[in-house]
Amino acid sequence: MTTVECRLRAGEERSLAYDVADGLTRPFKELPPKHFYDTEGSKLFDRICGLPEYYPTRTERAILTARAEDIVARTDAAELVELGSGMPDKSRLLLDAMRDAGTLERYVPFDVSEHVIRLAAERLVDDYPGLEVHGVVGDFERHLDAIPPADDGTRVIAFLGGTIGNFLPGSRRKFLRGLARSLRGGDRLLLGTDLVKDPAVLEAAYNDSEGVTAAFNKNVLAVCNRELDADFDLDAFEHVAFYDRQQEWIEMRLRALAPQEVCIRALGMTVHFAHREELRTEISAKFTIKRLGADLAASGLELREVLTDPDELFALSLARR
Ligand code: AVJ
């Protein structure tokens with residue numbers, strides 16, 4: 001059985017107009033990374049996930065493949081809530097283990113795209129007989145309260161892929177506090193985080209040789225052109241990605257190659273870029289286990305277990321209230 005609850009009205013999907021008006025009038029221009037993921041951007045992201053330099057996706061999948069059974073045995077999970085689910089290829093590893101353990105009852109995918117949720121739900125109810133799918137269409141920064149109350153069984157809330165790294169430290173803890181509130185005693189948070197490592201390895205992952213990440217980064221300008229009737233020239237910007245060792249995060253920016261005016265007609269705005277001026281488009285925080293534990297603790301969560309790969313590139317953690 002499938003239900004889909006919709007917290008986003010059409011058009012409001014990604015609050016782009018507000019974020020552009022706000023972000024491009026700041027003294028240091030910036031746009032939040034959630035606007036990367038239109039149809040084209042999601043395709044580019046899928047390509048990034050398959051790049052030789054981009055280790056997080058395949059490493060997380062390898063950890064899940066090796067440990068899903070173990071995770072399920074430790075949690076006895078009847079229900080999997082997945083934030084930013086997209087197409088649930090990784091969640092299948094968990095759902096398989098839950099089915100095999102005989103505990104699987106419900107899957108709650110949470111995503112901004114209603115289309116993606118309906119498609120995923122359709123396939124999953126076919127593949128897992130008896131599975132209840134309760135989709136939530138929403139923005140997990142604003143609509144966590146739309147997660148349905150848990151049944152009797154244990155619930156695992158999964159936030160995979162390292163997307164937690166997109167939050168700045170303060171809002172990261174605030175977000176985790178919100179998640180903590182939707183966990184009861186036996187429930188667990190399953191969190192995927194990219195780990196601090198050799199800066200050369202990190203920087204290569206965001207400066208791939210095929211230029212897919214560069215295209216992904218610039219695509220946010222194409223999103224503005226289409227959605228807000230803007231006239232960004234994608235060739236007038238270059239992709240920049242570097243590791244900030246102090247902050248322990250990757251920063252992606254777009255650097256203007258010449259001074260220019262960009263007209264954003266839907267907002268009645270003209271934005272000036274100076275020569276080499278940079279627009280910040282993403283931060284992607286990298287974690288040490290110590291800092292992860294501290295972030296969780298500050299948010300009312302206890303780090304119970306860290307699962308990692310042999311090279312300690314990526315971590316999957318289990319935490320509880
Ligand atoms: C989806 C946020 C985890 O930060 O590595 C990939 C997005 N940006 N390449 C990341 C991304 C550039 C990705 N997350």
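In listed order, ligands and their atoms are each counted from 1.
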field: Stepwise salt bridge (charged side-chain N to carboxylate O under 4.0 Å, His left out) test for Asp46 and Lys43
entry: CA-CA 5 Å; Asp46 283 346; Lys43 276 190 205 154; over 6 Å; no

Give the atom numbers and elements of ligand 1 that come within less than 4.0 Å of a heavy atom of [X].
X      : result
Tyr37  : 1 (C), 7 (C)
Phe216 : 8 (N), 12 (C)
Gly162 : 3 (C)
Asn166 : 2 (C)

Any N or O on [X] sitting closer than 3.5 Å to an N or O of ligand 1?
X      : answer
Lys286 : no
Thr163 : no
Tyr54  : yes
Thr213 : no

Within less than 4.0 angstrom of ligand 1, does [X] place any heavy atom?
X      : answer
Gly161 : yes
Phe167 : no
Phe36  : no

task: Could you name each residue pair satisfying ring-ring contact (aromatic ring centres under 6.0 Å, His included) that touches residues 144-183, not counting sequence neighbours?
output: Phe140-Phe159, Phe140-Phe175, Phe159-Phe175, Phe167-Phe175

query: Other than Ile283, which residues form its hydrophobic cluster under the rule that side-chain heavy atoms must be closer than 4.5 Å?
result: Leu168, Trp249

- prompt: Without hydrogens or angle criteria, can the side chains of Asn217 and Thr281 be said to hold a donor-acceptor pair below 3.5 Å?
  reply: yes

field: Nearest protein heavy atom with distance in Å, relative to atom 11 (C) of ligand 1
entry: Glu282 OE1, 3.6 Å

Nearest neighbour in protein (non-hydrogen) for atom 4 (O) of ligand 1: Ser284 OG, 2.6 Å

- prompt: For the residue pair Phe45 and Phe216, does the interplanar ring angle fall in the parallel (under 30°), tilted (30 to 60°) or perpendicular (over 60°) class?
  reply: tilted

task: May I have the step-by-step check of side chain to side chain contact (heavy atoms under 4.5 Å, CB included) for Leu24 and Leu279, ending in yes or no?
output: CA-CA 8 Å; Leu24 295 190; Leu279 158 64; 3.5 Å; yes

- prompt: Taking the six-membered ring for Trp, is the centroid-to-centroid distance between Phe314 and Tyr55 below 6.0 Å?
  reply: no

- prompt: Cationic tip of Lys286 within the cone over Tyr243's six-membered ring, i.e. under 6.0 Å and within 45° of the normal?
  reply: no

message: Is there a path of hydrophobic side-chain contacts, each under 4.5 Å between heavy atoms of I/L/V/M/F/W/Y residues, joining Leu176 to Ile289?
response: yes

